[in-house]
Amino acid sequence: MKNADKKRVLREMLFARRFEERCYEAYVERKIGGFLHLYPGEEACAIGVLEAAKVGHDYVITSYRDHIHAIKSGADPKKVMAELYARETGVSKGRGGSMHIFDIANRFMGGYALVGGPFPLAAGIAKGIQMQGGDEICICFLGDAANNQGTFHESLNMAKIWNLPVLYVCENNLYGIGTRIDRSTAVIDQYKRVSGYNIPSAQEDGQDVDLVYKAANKAIRHVRAGKGPYFLELMTYRYRGHSMSDSNAYRAKTEERMWSGRDPVIMLRDRLIEAGQLTHDEFKEMDTEILDEIEDEIIRYAAESPEPPASEVGRYVLAENDPWVKGGVQ
Amino acid sequence: MADIMMWEALVRAHDEEMANDPMVIAMGEDIGVVGGTYKATLGLYDKYGEQRVIDTPISENGYTGLGIGASFLGVRPIIEIMSVNFAWLAMDQIFNTAAKVRYMSGGQLEAPVVIRSPGGTAHQLGSQHSARMEKVFMGVAGLRVVTPSSPRQAYGLLKSAVRCNDPVFINEHELMYNMKGDVPAEEYFHPLEGSEIAREGRDVTLFGYNISVHWCLKAAGLLSKHHGIEAEVIDLFALSPLDREGIRNSVNKTHRAVIVEEAEPAVGVAAEVMAIINEECFFELDAAPVRVSALNVPIPYNHAMEKAALPDENDVVDAVRKMFGV
């Protein structure tokens, strides 16, 4: 990553942290309903990988922990928050919610709520890219626990035999909902599991955005060069529970302290301060700016936006006025 | 008009649609080199190549999801699931993704996939190869379900399904691929909604779909010949959405209804048609509607037991005679 970009990446990661923390508050205030899965602690994964991608050109797909992936893909944070507030101005017009952020104009192909569901969808998007003949790739972010679904194995197998341009990024946060990885998974290092499909893979520290960026660059070069799928495992940690309904009582305090000592935002901040590229005051100013932007622009936009009219509940079930339903125009 | 078999009608529909649009692909188990278990894709591998006629691994949920993902980018996959019993494995992607993605994305994304699969009971295939699953598919919003009773419908429904922007599940029948029938020589697109009057009648309406249309037609012949009862037969080729208007019009005319299905009765097509009759034309009825269904058992291997588990035209005749007290 170029030095010139690092300050912006730090700002994006800090923004992601503050955005998600504000979602937490809004959920507690009951402004946000349903299930809410937050990203603090894992920021370097989505932001580091997508910093190395061509956002808006490459396709991105992920699970229900999707706000930050969408924003880094180019989605307007105001419209993401409006979606969480279930407003017509939300990215998915208030029909999707936190787990179903979609921004197709920016090629963010959605958040999906079935663990492991996006594996084959990503391979299919890659098949579409292959048929169109472009140099895009599909990047699929999922957690470690998704790898215990059949779709993981089925999709890796198909991606390999058809040489599909797909990068699978495993955000290994060590827990599948509330079950620690060593209690649910026979092989702890997820990157080793793909060797059975003859797919190249790597494992990287997911807390260090510089390392994530470097590893993602290598992975993306491989996929974009037409060499087929790649699997990148990023070791990371989520500070909050799986979702807001999670008491988070299953993790040892010592483990949590250990990981908060490797905070991705703080690590990059300190690195930039040490290198003389940032001062403490500048960081504080950046934080204040972000907090103000979230409050004055993003939350305000969401709160002031109209809800979708309940009378439109029947829209978007099927295509509107599709001529082929009547056998075409004859 | 030419008399061809249903599998030939399906090959023709695939071929025309693949020739028309380079983004149309076919995928499924053994559909390429082998040409399909029921020959529905015979010859297409040689003509269109392995990029467009894709032999998949035996990974139903995986390749169905892959087809759905490809459809996000404008690919129009025709996915064959070799037996509807295997489609249970793909329910996650069909229901959770294909049927819901337009809605939950606020109309930004759609999944124009066609999923074809043979269901029904055949000759002693046993419990795990005799599923009749149409009622499961038609119970989920966001999915169209059609089911052909003839080569003409099989051809025209597949062609319209490929062009339609909704996900369409086509419920075929294991026993009907060699059935012969007229298919128009010129290109033909069958509507994906509505119903057809397979036989005009005035005394009672027999509702059937797919194979049970043929039981209804045979029963109507027997009823006319032996009892002077003129039955109307309605072919419900569209199961989702069902043709409320067609159902209402026929019952308003005959005032009696028998619904015939190959599946177990619970939560089924007949139950749904009866509910529509209740809602649309209850006061037109001269008798309570009756359903003719399979027994509520897994399908046995033993031939006599298998026959006992399933309805046929004689059960339809018996149901109508009972209704008329003759």
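Values in this document were obtained by computation on a predicted structure and should not be read as measured data. Proteins get letters first, then strands, A, B, ... in listed order; numbering begins at 1 in each.
Heavy atoms only, all atoms of each residue included: Met131(A) and Pro22(B) are closest at CE-O, 3.5 Å. Closest non-hydrogen pair, Tyr103(B) versus Arg315(A), comes out as CE1-O, 3.0 Å. Considering every non-hydrogen atom in both Gly65(B) and Leu121(A), the closest pair reads O-CD2, 3.4 Å. Minimum heavy-atom separation, Pro120(A) to Gly62(B): CB-O, 3.3 Å. Closest approach of Gly128(A) to Leu73(B), counting heavy atoms only: C-CD2, 3.8 Å. Taking each heavy atom of Met158(A) and Pro57(B) in turn, the nearest pair found is CG-CG, 3.6 Å.
The CD atom of Gln108(B) sits 11.5 Å away from atom CZ of Arg95(A), with the distance rounded to the nearest 0.5 Å. A distance of 9.5 Å separates CG in Leu66(B) from CD1 in Ile125(A), rounded to the nearest 0.5 Å. Taken to the nearest 0.5 Å, the OG atom of Ser160(B) stands 12.0 Å off from the NZ atom of Lys326(A). In this structure, the separation between OG on Ser240(B) and CG on Leu318(A) is 7.5 Å, given to the nearest 0.5 Å. Going from atom CE of Met23(B) over to atom CD of Gln132(A) covers 4.5 Å, rounded to the nearest 0.5 Å.
If you measure heavy-atom distances from Asn61(B) to chain A, the contacts under 4.5 Å come from both the backbone and the side chain. Neither the backbone nor the side chain of Glu88(A) comes within contact range of chain B; no heavy atoms are under 4.5 Å apart. For chain B, no part of Ser155(A) is nearby; none of its heavy atoms comes within less than 4.5 Å. Neither the backbone nor the side chain of Thr64(B) has a heavy atom closer than 4.5 Å to any heavy atom of chain A. Neither the backbone nor the side chain of Met99(A) comes within contact range of chain B; no heavy atoms are under 4.5 Å apart. For Asp92(B), the part lying near chain A is the side chain, with the backbone staying farther off; criterion is any non-hydrogen pair under 4.5 Å. Contacts between Tyr59(A) and chain B at a heavy-atom distance below 4.5 Å involve the side chain alone, from C-beta outward. For Gln51(B), the parts lying near chain A are the backbone and the side chain together; criterion is any non-hydrogen pair under 4.5 Å. Within the 4.5 angstrom heavy-atom criterion, no atom of Pro167(B) approaches chain A. At a 4.5 Å heavy-atom cutoff, the contact between Ile54(B) and chain A is made by side-chain atoms alone. Proximity to chain A (any heavy atom under 4.5 Å) is restricted, for Leu143(B), to the backbone atoms N, CA, C and O. For Val313(A), the parts lying under 4.5 angstrom from a heavy atom of chain B are both the backbone and the side chain. Looking at Thr97(B), the atoms closer than 4.5 Å to chain A (heavy atoms on both sides) all sit in the side chain, from C-beta outward.
Ranked by heavy-atom pairs under 4.5 Å with chain B, the first of Glu320(A), Lys127(A), Lys93(A), His153(A) is Lys127(A). Contact tally against chain A (heavy-atom pairs below 4.5 Å) for Val75(B), Ile58(B), Asn96(B), Val168(B): the top residue is Asn96(B). When each of Ile161(A), Leu164(A), Asp103(A) is scored by its heavy-atom pairs under 4.5 Å with chain B, the top score falls to Asp103(A). Between chain B and the residues Ala113(A), Ala123(A), Ala126(A), the most heavy-atom pairs under 4.5 angstrom are made by Ala123(A). Highest contact tally toward chain A, considering only Ser105(B), Gly107(B), Gly142(B), Ala70(B), is held by Ser105(B) [criterion: heavy-atom pairs under 4.5 Å].
Heavy atoms from other residues, nucleotides or ligands lying under 6.0 Å from CD of Glu312(A) number more than 12. The number of heavy-atom neighbours closer than 6.0 Å to NZ of Lys31(A), taken from other residues, nucleotides and ligands shown, is 12 or below. The environment of Glu245(B) atom CD is sparse: at most 12 non-hydrogen atoms of other residues, nucleotides or ligands sit within 6.0 angstrom. Within 6.0 Å of atom OH in Tyr197(A), more than 12 heavy atoms from other residues, nucleotides or ligands are found, so the atom counts as buried in its surroundings.
Using a distance-only test at 3.5 Å, with no hydrogens or angles considered, no donor-acceptor pair links the side chain of Glu193(B) to the main chain of Val325(A). Judged purely by atom type and a 3.5 angstrom limit, Asp322(A) has no side-chain atom pairing as donor or acceptor with the backbone of Cys164(B). Looking at Gln93(B), its side chain does come within 3.5 Å of a backbone N or O of Gly117(A) through a donor-acceptor pair. Side chain of Glu110(B) to main chain of Ala319(A): no donor-acceptor pair is present (N/O by atom type, distance under 3.5 Å, no hydrogens or angles).
Residues Asp166(B) and Trp324(A) fail the side-chain proximity criterion, which asks for heavy atoms closer than 4.5 Å. No side-chain heavy atom of Val317(A) sits less than 4.5 Å from a side-chain heavy atom of Arg102(B).
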(request) Apply the test side-chain contact (heavy atoms from CB on, under 4.5 Å) to residues Trp162(A) and Thr56(B): give CA-CA distance (whole Å), side-chain angles for both, the deciding distance (0.1 Å), then the verdict. (result) CA-CA 10 Å; Trp162(A) 297 326; Thr56(B) 64; 4.1 Å; yes

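Classification of the Tyr112(A)-Phe72(B) ring pair by plane angle, with boundaries at 30° and 60°, yields parallel.
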